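Quick notes on the structure that follows.
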Number of protein chains: 2
Amino acid sequence: MNNNQQFKPIGLVDQISEWLTNAILDGTIKEGDRLIETRLQELFGVSRSPIREAFRELNKMGLVVIKPRIGTFVKRITRNDIEEQFPIRAVLEGIAARLAFERMKDGELDKIEKTFKKMKEAAEGNDIKGYWKYHHIFHDQLIDVSKNSMLIDILQQIRIQHLMFKVASLYYKEDLQGSFELHRKMLVLLKDRKTDPRYVEDFVRNHIEKARPRFLQYIDEDLF
Amino acid sequence: MNNNQQFKPIGLVDQISEWLTNAILDGTIKEGDRLIETRLQELFGVSRSPIREAFRELNKMGLVVIKPRIGTFVKRITRNDIEEQFPIRAVLEGIAARLAFERMKDGELDKIEKTFKKMKEAAEGNDIKGYWKYHHIFHDQLIDVSKNSMLIDILQQIRIQHLMFKVASLYYKEDLQGSFELHRKMLVLLKDRKTDPRYVEDFVRNHIEKARPRFLQYIDEDLF
DNA sequence: TTCATGTCGATTGTCGACAATACACATTTT
DNA sequence: AAAATGTGTATTGTCGACAATCGACATGAA
């Protein structure tokens, strides 16, 4: 049997959600845009039922807002959203990092280290976009290792909204070296079995909280 | 115009989600039960579309699990779920309490104090169920005052799953006085403008974390 | 017995059609 | 002119029907 070609006869709902998610994240569909069921119906050549259910799925991920009897709109990420997210993301990623450190198996650490190597390559080549991508994967992998599914779910929602925020890349544009150095230190901590788990938690939480002021500054300066 | 009769021509989806939520929380529908679209269709006298969308809504709230092409089932809350929730709930409610304290207006404090009075009455009358109910409202109100909508959303999801866990009431059965005393202290802190916000955060976080061991003990002893 | 295969009923996935509603614009009223 | 009212069209909410699929049971083979 041919096993390298992944089976993908998943339901229409998943395919549509995925397509829309990508379109929103890469800017094809802009924030505030209205998603009209009948338009997408033509575009995809399906009926409205799976589209409506895909909307609910996107809503769960925090990518769209559903206004009953009015329509579905791509969420506008505001400065206030970002401000609300930071303290939550900081403590939760901190906890996730500690749990990950406590529960990590060798194979899992290896995988993260591989991602780190990609970050390194991107950083050396000054490849902002690549760095941004692998940086995101790095955190995703760390969060996964925490094996706390509720934490994984919540952080996924918060982080996907972060991705919508294009300004994010500006942060790494200016301080790519700083960010890289920070993650290098993080990896050193993770590899040393003698590290105090609470220190890992603090380190990650602080790393995120420290990014906040500059992040918000970029919002004010560069957007609009 | 007659205004005391609340308008309720909300969509079918909301009505159905609400009905199902209550049925799940009060035990009419038990955990693990399968929710069959065609059955509910007869029960409510509506088509399957709003029912399917209501399922997605319940799924977002963490009350059901949707298995594609198989069916929708009421979530089974396991010991592991509770263990995953505690650290998250503790830090987030802590943050919520601090923010609430920092942003609280007089009217809002009054409302919380009224709820506390109901808790007091229930505690004095040894009315477990009533105490449990107002205790939940107390925390809800405090969380609302934090005005961090993301925090409010996440905590709502976590807390509703907690409600599904019937053992919860056992906790208060044994230690209703202790719980009451704790919330009395909390209210004192909230009323004193000189309290350090960080202390409010610690107090609430510790209060939740302290409950964990006994909570888990009840699970092991009394369930099944 | 134990495992593989076939068949059937119940249930979910998807569709196209109709009903209800919201918004934009035109018309009337003050 | 400004506000209130009427009308039309685009869009969402709901429905009933059909197609695809799953799981239980029956049948047959090792």
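In what follows, every heavy atom counts, from backbone to side chain, and hydrogens, waters and symmetry copies are set aside. Chain letters run A, B, ... following the sequence lines, proteins first, then strands; residues in each count from 1. Please read these numbers as outputs of a predicted model, since none were measured by experiment.
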When the nearest nucleotide of DNA chain D is assigned to B:R34 and to B:R48 on a heavy-atom basis, which residue is associated with the more 5' position? B:R48
Residues A:E108, A:R103: salt bridge by 4.0 Å N-O rule: no
Can you confirm whether more than 12 heavy atoms, excluding those of A:D106, are under 6.0 Å from its CG atom? no
Both A:G45 and A:I70 contact DNA chain C. Taking the nearest nucleotide for each, which residue is further toward the 5' end? A:G45
What's the NZ-P distance between B:K67 and C:dT12, to the nearest Å? 13 Å
May I ask you to check if B:R89 and B:F86 form a cation-pi contact, with NZ or CZ under 6.0 angstrom from the six-membered ring centre and within 45° of the axis? yes
Contact interval (first through last nucleotide) of DNA chain D with protein chain B, 4.0 Å heavy-atom: D:dT14 to D:dG23
When all nucleic acid strands are considered with a 4.0 Å heavy-atom cut-off, which category describes B:L35: base, sugar-phosphate, or nothing? sugar-phosphate
Rounded to whole Å, the CD-P distance (B:Q41 to C:dT12) equals 10 Å
Reported CG-to-CG distance for the pair A:L58 and A:L35, which is rounded to 0.5 angstrom: 7.5 Å
Atom-pair distance (CZ on A:R69; P on C:dA22), nearest Å: 7 Å
Residue mapping more 5' on DNA chain C - nearest nucleotide basis, B:I36 or A:E53: B:I36
Side-chain donor-acceptor contact under 3.5 Å, B:S146 with B:N148: no
Check this for me: B:Q156, atom CD, are more than 12 non-hydrogen atoms of other residues, nucleotides or ligands nearer than 6.0 Å? no
